[in-house]
Every structure is written in C-alpha cells, then in structure tokens.
Amino acid sequence: MIHSVAFFVFLTASLISLTPGQADEVQFSSDVAPILASRCLGCHNNRISEGRYALDTLDRLLTPGDSEEPIVVPGKPEESQLYLRIIEEDSDLRMPQEDDRLDRSDVDAIRSWIMNGADFGDASRESSLTDVLPPRTHPAAPRTYRLPIPVFAVALSPGAKSVITGGWHELLVWESETGHLTNRVGRMPQRIHAIEYSPDSQLVVVAGGAPGDYGEIQIHAADALARSAAHPVVISDWNDLVLDVSFSPDGRFLVACGADNSVRCYSLDGKERWRTRQHVDWVTAAGITEYSFFESRIPNDKGSSLFTFTEFEEKSKEHPRQFWEFSESHCIVREANWELELRSTPAKQTNSLTRITISGIGKTYRVEREQIPDAELNTYSDVLEYLTALAERLREGSALSEGRVRFPQSQFVVSSSYDRTARVFALETGRLFTTYKGHRREYGPLKGLHRVLDVLPEAGSRRVWSAGEGQHIHGWNPVVVRDEDGTAADMEQRFSKEYSTDLLKHELSAPIFRITRSHDQLIAATGDGLMQSIRAFGQNAKYSLQYAADSKQLRAADGTPRYDMAIDKTSGRIATVGGNGILTIQKADGAVLRQFVAAPLREPEQGGKE
C-alpha cells in the first residue's frame with residue numbers, strides 16, 4: 001500500500017484574520033508550520049520536490065529551488081517567494097497548484113511572520129517541519145458506530161480484569177468477564193495501532209495516527225485513564241502512522257517505530273533520545289531485550305594462560321570479552337574461548353560452562369560450542385574461578401574500562417520491517433549493532449524474500465524471535481548474527497548464510513502478524529484469523545528447516561486478519577482483535593471465554609434498516 005506523504009492539519013483558532021496589533025504574536029510553530037504542512041508539504045518533501053524545492057526541514061524551507069529566487073527575506077515579504085507565490089494571480093504560478101488558494105488569514109499569518117523577521121523560535125534549521133508542529137486537536141469519537149471497524153490494538157490490564165481496544169479517535173475499555181463497555185477515552189489519534197502497559201502497570205502508552213498524514217504517541221497515567229481524567233504526555237512529530245511501541249523492562253524508556261521507516265527512543269517525559277532510519281520500508285514492530293550487552297577487546301598478554309586464541313586473535317594480539325547481564329541473579333560472561341552462565345537463587349547457584357572453538361572468518365566463520373558436563377566442572381575449577389571473579393567485576397563496573405571497548409554496556413532495541421530484515425540497535429545511543437537477514441535469502445534452502453512483521457526478545461535468554469511471511473519462525477542471537485555475517489566483500493554468500501538460527505517450521509498459509517509466549521509455546525496470530533500454538537521451548541521443541549514443529553490450532557481461520565494479541569501471564573488469558581472488529585478473550589488452550597464486536601454499535605431505527 002502506498003500512502004500519501006501530505007500532512008493534513010486542521011488550522012487552529014489562532015489562524016483567524018490578524019489585525020495589525022496581533023502581527024507580533026504570530027509564531028512559526030503554531031501559526032505558520034501547520035499551514036505549510038497541510039497545504040505545501042505534499043508536493044515539496046524529501047520524496048517529491050516540485051520545482052526542486054522542498055520544505056520538509058527548516059533548512060530546506062529557506063533553500064531556493066529552480067527559480068534560484070530567495071524563499072524568505074526576513075522583514076521583506078514582497079521579496080520573498082514563499083509569500084509572492086501564494087498571492088500570485090496567475091493560477092499557473094500560484095501555490096499551491098491545482099488546489100484552492102490559501103485563506104486570507106493564512107496569507108496574513110505568513111506575511112506577518114516574514115515581516116517580523118521569519119524567526120523559527122527555539123527550533124534549529126536542521127529540524128524537520130513536522131518536528132515543530134504543535135499537538136493537534138483530535139475530533140470527538142462517534143457516539144455510536146454504524147458498523148464494526150477494524151481494530152488494530154488491544155491490551156489486557158493486570159490480572160486481565162479489563163481489556164482496552166482501539167476505536168476511532170478513542171480507547172474503549174471493556175470488562176473481561178461480562179463484555180460490558182465501562183469507559184470511553186476520547187481525543188485520541190484517528191487509528192490506534194498500539195496500546196501497552198508499563199512494566200509496573202502505572203502507565204499506558206497509546207500510539208497511532210492516520211495513514212500518510214500523521215502519527216502520535218500519548219503516555220497516560222493508568223489510573224487517570226481509567227477515570228477519563230487524562231492529561232497525557234503527547235509526542236506528535238511523526239508524519240505517518242506509529243505502528244508499535246514498547247517499554248524498556250525497567251520502565252524508564254520507550255521505543256517506537258512506524259510507517260515513516262524510523263525507530264525512535266524516548267524518555268517518559270516525551271523527550272526524544274535518538275531516532276534512526278536504517279530501515280528502508282515500514283518498521284512493523286520493536287522490542288527491547290531484557291539483558292544488556294557489553295564487549296571489549298583485551299590484549300592477549302593481559303589475558304589468562306587459561307585461554308586458547310584463534311589464528312585471528314593471535315594476529316591481532318587481542319581477544320574478545322563479552323558480558324550479558326539479565327539481572328542481579330543471572331549473567332553470562334565470555335572471554336576468549338570460554339563462556340560461563342551464572343544463575344543464583346536463595347537456595348543455590350547454577351553454573352553452565354561452555355568451551356567455544358572458532359574457525360575461519362567472514363563467510364567461512366564457524367563456531368562449535370561444547371557444554372562441559374556438571375560432573376566434569378571440578379576439572380575446570382581455575383576457569384570457573386577466573387570467570388566468576390570477572391563477572392563480579394563487570395557487574396560492579398570496575399572491569400568495564402579494561403581493554404579496548406568495542407560496545408559500551410547497553411540493552412538492545414530490536415525491530416522488524418517490510419524491508420525483510422530485523423535490525424538491532426543500542427538502547428543507549430541508537431547505534432546500529434547488526435542486521436538479521438535470515439528472512440531475505442537470495443540463495444540456499446531458505447531462498448525467499450519475506451517481510452518481517454513482528455519481533456519478540458525472549459525473556460531470560462539471548463534469543464530474539466522474528467516472524468512474518470514464509471514458513472518459519474526464526475530464533476537468533478544478535479551477537480552471533482553479527483559475528484557470522486561476514487563482510488560486504490562476500491555479499492552473495494551473506495544472503496545464502498544459514499546463521500546459527502533456531503527455525504520453527506509451521507504450515508500456516510497466511511503471514512504471522514503477532515507472536516507472544518505462553519509457557520513452552522509461541523502463540524502466532526495470522527493474516528487469515530488463525531491462531532496457532534507452536535512448541536518452541538524445552539527439550540521437546542523441534543527446530544528444523546524441513547519438519548514442522550509440534551503445534552495446536554487455537555482458533556480456526558475466518559478470513560480476516562488478527563492484527564494484535566495480548567496475553568496476561570498471571571491468568572493465561574489471551575485477547576485478540578482484527579479486521580472484523582471482533583474482540584476475542586480466550587484461555588491458552590483455545591477455549592473462548594467471551595467474543596463480541598469491540599464497538600458501541602448503533603441500534604437499528606424502528607421501521608428502517610441500518
């Protein structure tokens with residue numbers, strides 16, 4: 001689907017006709033930017049630039065196009081093309097072309113802004129036009145709905161006592177047991193594509209927008225939302241739909257992605273920490289790993305005599321040190337050819353020691369992992385002692401500055417995209433760490449180009465699951481993917497590489513839109529309405545390229561997509577919504593508890609038809 005990039009904005013009351021006494025009150029962000037965004041940006045943006053002129057950023061707004069005439073001359077509107085083109089009498093020259101001319105109030109606002117010095121306020125010239133737009137005022141939701149509408153987002157409250165679904169410019173809150181509509185929260189984006197509770201359940205984030213027009217994120221206090229007393233933090237500088245949002249496991253940060261191909265990170269006050277456009281198509285989902293990762297290179301002469309170095313490490317005279325920290329009681333530390341996983345409980349500590357043998361580099365890179373049996377751990381007591389002490393120093397921070405730091409400690413942000421890749425970024429900086437290309441194989445037994453529609457970082461593990469089109473769900477480790485990826489010199493081999501991936505083969509006929517975990521299963525919701533439970537964890541999980549994993553159908557296909565799915569880990573209840581507007585609440589075994597249209601439908605008029 002191709003969306004227009006025009007950003008349609010209703011003008012606020014401040015754009016009424018200005019008197020001379022009001023001229024000095026004109027502000028670019030509130031009075032001028034909405035006019036340019038709604039009437040000019042559609043033909044003068046980073047994709048389309050009629051007359052080789054674009055105004056998608058404030059710098060480009062001031063840069064002349066083909067005419068080479070100055071766009072804005074501060075204090076002199078009659079010498080500024082921005083003003084002259086909107087008052088031009090010749091319809092072939094007047095802007096916007098093939099459209100109604102601007103209202104007198106709009107023309108006056110632009111003229112007054114130029115006359116007063118064409119000041120952008122606090123915005124820098126590098127800012128995009130949409131970045132400086134004020135929050136929009138959303139219309140009221142319809143009192144009733146004539147027909148069911150597609151529902152793109154659902155969330156379960158803690159304990160699954162209530163369910164929140166997206167409506168048209170509103171959220172709808174339903175009682176799980178009875179299906180009664182208990183609350184309606186309006187003044188929301190037109191379409192809601194994501195609803196998520198924070199890890200402590202104190203906040204609810206809502207995201208959506210209108211296709212090709214705008215995107216918006218609202219961060220609400222959960223108790224205020226329940227009382228319809230919402231005064232949210234609003235993030236409104238997206239120029240297309242926001243498709244997904246996710247809290248960091250500690251609840252301090254928020255990542256979002258959308259149809260403008262971007263991934264962004266925010267603090268909870270709405271301040272943007274970073275954004276990236278590494279993807280080249282819609283970014284469909286984003287998640288954050290439970291663990292943080294750190295990596296450095298340690299000189300071999302500083303390393304222990306316990307290690308065996310690869311040929312490459314011998315030549316470079318340094319070896320890797322890596323650290324994955326999940327919690328105070330769980331971490332993994334690696335140095336050179338040894339890796340130790342430490343798990344502790346009040347009752348005991350469990351150690352898992354692995355010897356790593358690496359051969360080759362780039363396209364010939366191979367890794368063999370040998371887990372040392374528990375009965376033989378005493379034989380390697382010196383290795384255990386060294387790595388245990390190293391883990392403690394890394395936890396307390398004293399070892400984080402040793403050697404040459406390659407990747408400062410950070411959690412990973414993982415994203416999926418229509419561009420058939422999943423990408424991994426540092427949560428702290430937005431720096432690209434690696435790209436998983438397993439869904440885009442040009443060669444080999446998994447040959448195919450498959451859009452990736454969802455990602456799920458696995459709790460308690462380094463593995464990330466990704467799914468979408470194709471016949472497999474992929475489970476992969478970001479660090480292993482990076483190390484196996486080779487270089488640009490072996491591009492063809494990179495796209496045929498199998499990676500060290502856990503593949504769950506399925507026999508679903510439609511793309512997987514959403515995946516979530518329930519005990520030892522992955523639950524998949526598909527584009528034709530089917531829900532499937534696939535065994536993905538434990539000794540009985542079957543990872544295979546050719547043979548289907550053990551699975552069970554939870555819901556039969558009904559021909560309409562299931563766009564979103566939420567699960568409550570305490571009760572095991574699952575809620576799904578989709579293209580037919582129906583909310584289904586069921587148990588993990590597939591038993592349906594309640595099913596109804598997630599909208600207050602209009603009652604048919606007596607004697608007539610709806």
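Since this is a predicted model, take the numbers as computed values, not measurements. Residue indices begin at 1 and follow the sequence shown.
Contacts of E295 classified as salt bridge (Lys or Arg N to Asp or Glu O under 4.0 Å), with partners at least two apart in sequence or in another chain: R406, R482. With sequence neighbours left out, the side-chain hydrogen bond (donor to acceptor under 3.5 Å, both in side chains) criterion links H472 to no other residue. For the side-chain hydrogen bond (donor to acceptor under 3.5 Å, both in side chains) test, no residue two or more places apart in sequence or in another chain qualifies with Q546. D131 pairs by the salt bridge (Lys or Arg N to Asp or Glu O under 4.0 Å) definition with R275, not counting sequence neighbours.
Between N378 and S381, the side chains place no donor N or O within less than 3.5 Å of an acceptor N or O (distance only, hydrogens not considered). Judged purely by distance below 3.5 Å, without hydrogens or angles, the side chains of Q409 and E325 pair a donor atom with an acceptor atom. Judged purely by distance below 3.5 Å, without hydrogens or angles, the side chains of Q532 and S551 pair a donor atom with an acceptor atom.
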Show me the donor-acceptor pairs, under 3.5 Å and distance only, between side chains in residues 263-270 and residues at least two apart or in other chains.
residue : atom : partner : partner atom : Å
R264    : NE   : S262    : OG           : 3.1
R264    : NH1  : D237    : OD1          : 3.4
R264    : NH2  : D260    : OD2          : 2.7
Y266    : OH   : W238    : NE1          : 3.0
S267    : OG   : D269    : OD1          : 2.5
S267    : OG   : K271    : O            : 3.3
D269    : OD1  : K271    : N            : 3.0

### Message
Go through it in stages, so that I can follow the logic: the residues are S466 and H439, the test is side chain to side chain donor-acceptor pair (under 3.5 Å), and I'd like the CA-CA distance, side-chain angles, deciding distance and then a yes or no.
### Response
CA-CA 9 Å; S466 54; H439 296 270; 2.7 Å; yes
### Task
For the pair F294 and F407, evaluate ring pair (Phe, Tyr, Trp, His ring centres under 6.0 Å) and give the outcome as yes or no after the intermediate values.
CA-CA 6 Å; F294 168 81; F407 190 82; 8.7 Å; no
### Query
Can E370 and T354 be said to form a side chain to side chain donor-acceptor pair (under 3.5 Å), step by step?
CA-CA 5 Å; E370 176 194 0; T354 302; over 6 Å; no
### Query
ring pair (Phe, Tyr, Trp, His ring centres under 6.0 Å) between F152 and F513: does it pass, once the steps are laid out?
CA-CA 11 Å; F152 299 99; F513 280 11; 10.0 Å; no
### Message
For a side chain to side chain donor-acceptor pair (under 3.5 Å) check, start with the C-alpha distance between T284 and S416, then their side-chain angles and the critical distance, and finish with the verdict.
### Response
CA-CA 6 Å; T284 53; S416 59; 2.7 Å; yes
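Comment: R369 engages E339 in a salt bridge, judged by a side-chain N to carboxylate O separation of less than 4.0 angstrom.
Between I473 and I512 there is a side-chain heavy-atom pair separated by less than 4.5 Å. Under the 4.5 Å side-chain criterion, counting only non-hydrogen atoms from C-beta, H450 is not in contact with R440.
Of the inter-residue distances, the one linking I372 atom CD1 with N351 atom CG reads 12.5 Å to the nearest 0.5 angstrom.
Shown here for A207 and V245, the closest heavy-atom pair between the two residues is CB-CG1, 3.7 Å.
Judged as a ring-ring contact (aromatic ring centres under 6.0 Å, His included), the pairs with a partner in residues 329-360 (not counting sequence neighbours) are, in order, F326-H330, W338-Y380.
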